[in-house]
Undergrad: 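Submitted below is the structure of interest, expressed as structure tokens.
Start at 1 with the first residue, then count along the sequence.
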Amino acid sequence: MQRRTTVRSFEILIWLGALATVYLLPSKMLILTEIAILALFAVSLDLVLGFAGIVSLGHAAFFGLGAYTAGLFARYVTAEPVAGLLVAGAAAGLLGYATSFLILRGSDLTRLMTTLGIALMMAEAANQMAWLTGGADGLSGFSIDPIFGLVPFDLWGRNGFIYYLVVLFLSTLVARRLAFSPFGLSLKAIKSNPVRAALVGVPVRRRLITTYTVAAVMAGFAGALLTHTTSFVSPDVLAFHRSADVLLVLAIGGTGYLYGGIFGAIGFTLLKDALSVVTPQYWMFWIGLLLVILVLVGRARLTRWVDDLGERLPGLRGTNR
């Protein structure tokens with residue numbers, strides 16, 4: 001446990017590398033911002049999927065609610081981004097807590113259908129409540145103020161990316177502390193065998209509700225960051241492809257060690273960007289082919305170089321993929 005909670009060398013390298021991109025890739029701030037938002041969204045799903053074993057097809061419900069809450073808060077209350085971020089996270093967390101009691105009922109298939117149904121209802125509600133959300137035309141008519149009233153969002157996206165990177169870092173730190181602790185060990189026991197975990201005294205329902213709520217808050221943060229980037233919200237933030245994309249990200253990066261969401265977001269975004277230029281109409285085909293290769297060959301073989309590197313860097317030893 002002590003080894004798992006200790007910050008390892010490869011983690012320090014990841015965040016130093018992310019910070020270095022501000023200076024090394026000044027012309028790529030927009031795509032880096034997209035990666036940071038998607039990574040936060042994926043880390044939130046990994047918390048419930050990789051550790052608690054809850055498979056969700058409707059995680060976009062929390063992402064979309066966070067996006068709409070941040071937009072409405074900026075339009076009618078204050079456009080200060082940090083305040084909007086916290087309010088959006090609180091709103092998504094409340095939805096996560098309220099729906100967690102439904103998610104815990106039934107098997108994995110029931111959970112899949114329940115999460116999908118919640119997301120579809122949220123999307124239809126956003127479309128029908130045009131008086132509040134703008135409906136199909138989207139929510140606009142607001143702009144985002146400087147961060148804490150001091151740091152404005154510049155035209156090149158540099159300040160915005162640093163802000164998003166800080167939010168991603170702090171959220172991942174909280175998720176890491178939660179996952180690699182006695183609480184996280186109990187989640188793994190629940191994922192492996194919930195009946196046996198309950199028999200040895202683990203409060204299964206309470207653990208799952210807490211994890212699901214925390215993940216919803218983080219997904220709401222990701223949605224709010226998207227709103228702060230575009231100053232616009234449309235029903236697309238609640239669309240099914242949002243939930244499918246984040247599952248795809250975790251399929252690429254791996255589950256159960258948090259950084260899979262970050263690595264998967266980098267790979268998915270760069271692949272999508274490159275393939276959409278080479279083959280604009282068929283880029284999803286190639287990503288689908290990559291998924292087939294991952295299933296047939298196995299991620300263990302494709303990432304064996306990480307294990308070899310782990311023999312040389314002590315900080316990499318014990319990484320759970």
Side-chain angles (χ1 to χ4, degrees), residues 40-74 76-77 83-129 131-133 139 167 171 174-175 178-179 183-184 186-187 190-191 194 198 202-227 233 235-240 242-244 246-247:
L40 178 57
F41 191 26
V43 169
S44 72
L45 181 60
D46 191 21
L47 197 59
V48 296
L49 175 61
F51 291 89
I54 300 175
V55 184
S56 173
L57 278 177
H59 211 56
F62 311 120
F63 182 90
L65 181 60
Y68 272 108
T69 301
L72 292 169
F73 192 79
Y76 296 109
V77 183
L85 179 77
L86 296 177
V87 171
L94 286 174
L95 178 65
Y97 178 78
T99 57
S100 63
F101 297 94
L102 299 175
I103 303 304
L104 297 182
R105 300 176 65 89
S107 61
D108 288 341
L109 180 59
T110 305
R111 291 174 179 176
L112 280 174
M113 294 300 101
T114 303
T115 54
L116 177 59
I118 292 170
L120 292 176
M121 288 190 295
M122 291 286 294
E124 186 60 24
N127 187 48
Q128 295 297 326
M129 298 172 63
W131 57 273
L132 180 65
T133 65
L139 179 66
V167 175
S171 300
V174 171
L178 192 67
F183 183 94
S186 67
L187 287 181
I190 293 169
K191 179 182 177 181
V202 176
V204 175
R205 286 178 57 85
R206 196 161 49 196
R207 290 284 194 271
L208 293 179
I209 289 171
T210 301
T211 306
Y212 198 75
T213 303
V214 172
V217 171
M218 293 174 60
F221 284 165
L225 293 183
L226 180 64
T227 298
V233 191
D236 180 72
V237 296
L238 289 160
F240 171 73
R242 293 278 179 186
S243 299
V246 75
L247 279 173

Undergrad: Any heavy-atom pair between the side chains of R242 and L226 that's under 4.5 Å?
TA: yes

Undergrad: Between atom CG of L45 and atom OG of S243, what is the distance when rounded to the nearest 0.5 Å?
TA: 8.5 Å

Undergrad: Taking atom types as modelled, find out whether S44 and H59 have a side-chain donor-acceptor pair closer than 3.5 angstrom.
TA: yes

Undergrad: Return a table of donor-acceptor pairs under 3.5 angstrom between the side chains of residues 208-215 and protein atoms on other chains or two or more places apart.
TA:
| residue | atom | partner | partner atom | Å |
| --- | --- | --- | --- | --- |
| T210 | OG1 | R206 | O | 2.9 |
| T211 | OG1 | R207 | O | 2.9 |
| T213 | OG1 | I209 | O | 2.8 |

Undergrad: Under the side-chain hydrogen bond (donor to acceptor under 3.5 Å, both in side chains) definition, can you give me all pairs with a residue in residues 118-127, not counting sequence neighbours?
TA: E124-Q128

Undergrad: Would you mind reporting whether P235 and Y68 have side-chain heavy atoms less than 4.5 Å apart?
TA: yes

Undergrad: Return the set of residues passing side-chain contact (heavy atoms from CB on, under 4.5 Å) with V217 (not counting sequence neighbours), or none when no residue passes.
TA: F221

Undergrad: Does the side chain of M122 come within less than 4.5 Å of L65's, by heavy atoms?
TA: yes

Undergrad: Specify the closest pair of heavy atoms between A88 and A224, including all atoms of both residues, with the distance to one decimal.
TA: CB-CB, 3.6 Å

Undergrad: Looking at every non-hydrogen atom in both residues, tell me the closest pair between L95 and A61 and how far apart they are.
TA: CD2-O, 4.2 Å

Undergrad: Using a 3.5 Å distance criterion without hydrogens, assess whether the side chain of S56 forms a donor-acceptor pair with backbone atoms of T115.
TA: no

Undergrad: Kindly indicate, with the supporting measurements, whether the criterion side chain to side chain contact (heavy atoms under 4.5 Å, CB included) is fulfilled by L57 and F240.
TA: CA-CA 8 Å; L57 278 177; F240 171 73; 4.1 Å; yes

Undergrad: Between T133 and L139, is a side chain to side chain contact (heavy atoms under 4.5 Å, CB included) present by the stated rule, with each step listed?
TA: CA-CA 5 Å; T133 65; L139 179 66; 5.5 Å; no

Undergrad: So which heavy atom on L238 is nearest to which on A126, and how close?
TA: CD1-CB, 3.7 Å

Undergrad: Do the non-hydrogen side-chain atoms of M218 and F62 ever get within less than 4.5 Å of each other?
TA: no

Undergrad: Measure the OG-CG distance between S171 and L85 for me, rounded to the nearest 0.5 Å.
TA: 7.5 Å

Undergrad: Looking at every non-hydrogen atom in both residues, tell me the closest pair between A175 and V43 and how far apart they are.
TA: CB-CG1, 4.3 Å

Undergrad: Are side-chain heavy atoms of I54 and L49 found at a separation under 4.5 Å?
TA: no

Undergrad: For A90, check side-chain contact (heavy atoms from CB on, under 4.5 Å) against everything at least two apart and list the hits.
TA: none

Undergrad: Test your reading of the model: is there a side-chain donor-acceptor pair from T114 to the backbone of I103, 3.5 Å cut-off?
TA: no

Undergrad: Go through the structure and list residues passing side-chain contact (heavy atoms from CB on, under 4.5 Å) with V87, not counting sequence neighbours.
TA: T69, F73

Undergrad: If you look at every heavy atom in V233 and A67, which pair is closest and at what distance?
TA: CG2-O, 3.5 Å

Undergrad: Holding to side-chain contact (heavy atoms from CB on, under 4.5 Å), I want the full list of residues that pass it with L94, two or more places apart in sequence or in another chain.
TA: none

